[in-house]
Amino acid sequence: MVQNNKRAAIWRTPLAIIIVLIHFAPIYILLGMAFKSPKDVTSRWILPGYIYKQNFDIAINKGNMLAGLYNTTIITVSCIVLIIVFGALAAYPLARNRSKFNGGIKAFVLGIMMVPPLSILVPLYTVMAGLKGTSTYWGIIVILTAFQLPMSIFLYTNFISAIPTALDEAASIDGCGPFRTFFLVILPQLKPITASVVILTGINCWNDYQFSLYMLQSPKIKTITLTISSFFSQNSNNVNAAAAAALMGILPVILLFLSLQKYFIKGMVDSAIK
Amino acid sequence: MKVKTKHIMNLFYIPALLLFVAFVVYPFTQGIRISFTNWNGYSQAYKYIGLDNYIRFFKDKNVLGAFVNTIIYGFGSTIVQNILGLAYALFLNSKFTGRSVVRAVIYMPVMIASLIMGYIMYFLVQYDGGAINDLLILFGKAPVDLMSQGPRAVLIMTLINILQFVGISMVIYLAGLQNIPEMYYEAASIDGVNAWGQFKYITLPLLMPAISSAVVLNLIGGLKLFDIIMALTAGGPGYSTHSLSTMVTNMYFRGQHAGYSATIGIFTFIFIMIVSNIIVRYFDKKEVEM
């Protein structure tokens, strides 16, 4: 058995290297291209021996990358706040009042999670146009919030269900109504699951393309994905500047992921295991 | 708890429900209504045309092609993502140096916007100077215009989706594997059960809940594929790489057939609902049997 393990360990390292090479190849190509001069015609597999910063200047000045990052930040942060507040609030009665009626509400929330966003694109666009919500911050914020809320309610409901009710009861005996019980007893305990909610739903808001593409048609309010897609179509001959733009678009989430990896993976597992 | 307290508590989900009703349920009912009209998306005038859009759907070669593509995107991705994800999880469940690096590299693309992932992949599959063609030339082969043929482009985009999201099933399986008590394997090896037998009789049955979650998540993700297609082919050449999702937007904003577009949307919704329900029920039954 011990020998067997040793033999097994030998092939692990080369296999690990092959896996890493395959999965990292796209990012490697992107990095090389982003720092390469457009005049450099060497293969994309060869990293430049220099740093060509102008690609980023073009992406920032002509591509309006900073405005894109700014808009996306405003939208994502607002969504996250609403998703946490509405999600935690909605989860409290669903976890504590297990009536038949609330069971129905819970099933309804899970059903919302299944709706493919684009299947209601036509009417949603009409509704938003009627409310004058197209090309506004609030318009995209309420839509993204509505579509990310079920995940948040689901996670908070599971989490609150596992908190002993003894604390609620103690608070109730001390004369706390449901509002004070929620804010003073339940809310402070939700920190670990809130990390998962923020990461899971925040990434989806940050990366959104399908809603933003149609709801944000004014050039003034372009998100990062929209900025990059219009930059790509306008600069198809300057792939290096396009690569720089793409790199700037993914850098915030990659850095966040690398520094908070544990929480990202825990969030994913929380959302998947019932 | 007092009845009155319970009623007050139920008020807490009102804000969430209002959002759902206003921006999901109401639009959905409107979608059903629009799907029975010939509305073009902007004019005031339209009329109800009964089931015409639905009949058109089943006669429309382009839309049926998009439906077939959606099935390939959805099921192709799900099958490979789960087999590969499980293989990665089994590999990473053993201790070796660099293990956490491998896990991070596989999982990282999950965080990247699919649209940007599509653009990054464009640098690899491009005909002129694309990284894959560079490799082909290096090995003395002729460069290939990879995205020029519909079926091949569909497979390549399925592969890209797999590569980007295989990390999801991997971490779900890893968590599942870590929940299986070591002593089961110890007992099995004392009884002389070999590695394959241990996998078949211990690992797989105990992973069932994880398999169920991973399959459903991957399937819904794959069936909704949109961003990667928009970045790489926008449905072309012709209509050969469209999914139902890209077809909806194409019919609405390019084709100005809002009524027909709503029909495709409603069909997509019903299809995804039926498929995910069948899958969830299948796995629920499996979990009980085991």
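For the numbers below, each heavy atom of this structure counts, side chains included, while hydrogens, waters and symmetry mates do not. Just so we're on the same page: letters track the sequence lines, and every chain starts at 1. Bear in mind the structure is a predicted one, so any value in this text is a computation, not a measurement.
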Derivation of the side chain to side chain contact (heavy atoms under 4.5 Å, CB included) call for Met114(A) and Ile220(B): CA-CA 8 Å; Met114(A) 305 287 252; Ile220(B) 293 177; 3.8 Å; yes
With chain B, which of [options] has the greatest number of heavy-atom pairs at distances under 4.5 Å?
options                         : result
Phe86(A), Tyr214(A), Phe108(A)  : Tyr214(A)
Ile143(A), Leu131(A), Ile254(A) : Ile254(A)
Ile105(A), Thr145(A), Ile22(A)  : Ile105(A)
Tyr125(A), Phe101(A), Phe24(A)  : Tyr125(A)
Pro150(A), Ala25(A), Gly111(A)  : Pro150(A)
Leu94(A), Thr13(A), Leu15(A)    : Leu15(A)

Side-chain contact test, heavy atoms from C-beta onward, threshold under 4.5 Å: evaluate it for [X] versus [Y] and give yes or no.
X         : Y         : result
Arg103(B) : Ile265(A) : yes
Tyr26(B)  : Ile120(A) : no
His23(A)  : Met108(B) : no

Partner chain A: residue of Thr29(B), Ile137(B), Leu135(B), Val166(B) with the largest heavy-atom pair count (under 4.5 Å): Leu135(B)
To the nearest 0.5 angstrom, please state how far the [atom1] atom of [X] sits from the [atom2] atom of [Y].
X         : Y         : atom1 : atom2 : answer
Asn133(B) : Ser43(A)  : CG    : OG    : 10.5 Å
Leu121(A) : Ser245(B) : CG    : OG    : 10.0 Å
Thr246(B) : Gln210(A) : OG1   : CD    : 11.0 Å
Asp227(B) : Asp208(A) : CG    : CG    : 8.0 Å
Ile29(A)  : Asp134(B) : CD1   : CG    : 8.0 Å
Ile250(A) : Ile116(B) : CD1   : CD1   : 7.0 Å

Worked verdict on Leu118(A) versus Thr249(B) for side chain to side chain contact (heavy atoms under 4.5 Å, CB included): CA-CA 8 Å; Leu118(A) 281 166; Thr249(B) 63; 3.7 Å; yes
Nearest atoms (heavy-atom pairs only) where Tyr13(B) meets Pro93(A): CD2-CG, 3.6 Å
Nearest heavy-atom neighbours spanning Ser119(A) and Gly265(B): CB-O, 2.9 Å
Centroid-centroid distance, Tyr107(B) to Phe264(A), less than 6.0 Å: no
Chain B contact via Leu124(A) - side chain, backbone, both or neither, heavy atoms under 4.5 Å: both
Contacting region of Leu213(A) [heavy-atom separation from chain B under 4.5 Å]: side chain
Aromatic plane relationship, Phe12(B) with Tyr92(A) - under 30° parallel, 30 to 60° tilted, over 60° perpendicular: tilted
Side chain to side chain contact (heavy atoms under 4.5 Å, CB included) assessment of Phe23(B) paired with Met128(A): CA-CA 9 Å; Phe23(B) 299 107; Met128(A) 288 317 285; 3.5 Å; yes
Side-chain atoms of residues 121-132 of chain B: list all donor-acceptor pairs with protein atoms under 3.5 Å, sequence neighbours left out, distances to 0.1 Å.
{"residue": "Tyr122(B)", "atom": "OH", "partner": "Gln126(B)", "partner atom": "NE2", "Å": "3.4"}
{"residue": "Gln126(B)", "atom": "OE1", "partner": "Arg44(A)", "partner atom": "NH1", "Å": "2.7"}
{"residue": "Gln126(B)", "atom": "OE1", "partner": "Arg44(A)", "partner atom": "NH2", "Å": "2.8"}

Residues in residues 88-97 of chain B that sit under 4.5 Å from chain A, counting heavy atoms only: Tyr88(B), Phe91(B), Ser94(B), Lys95(B), Phe96(B)
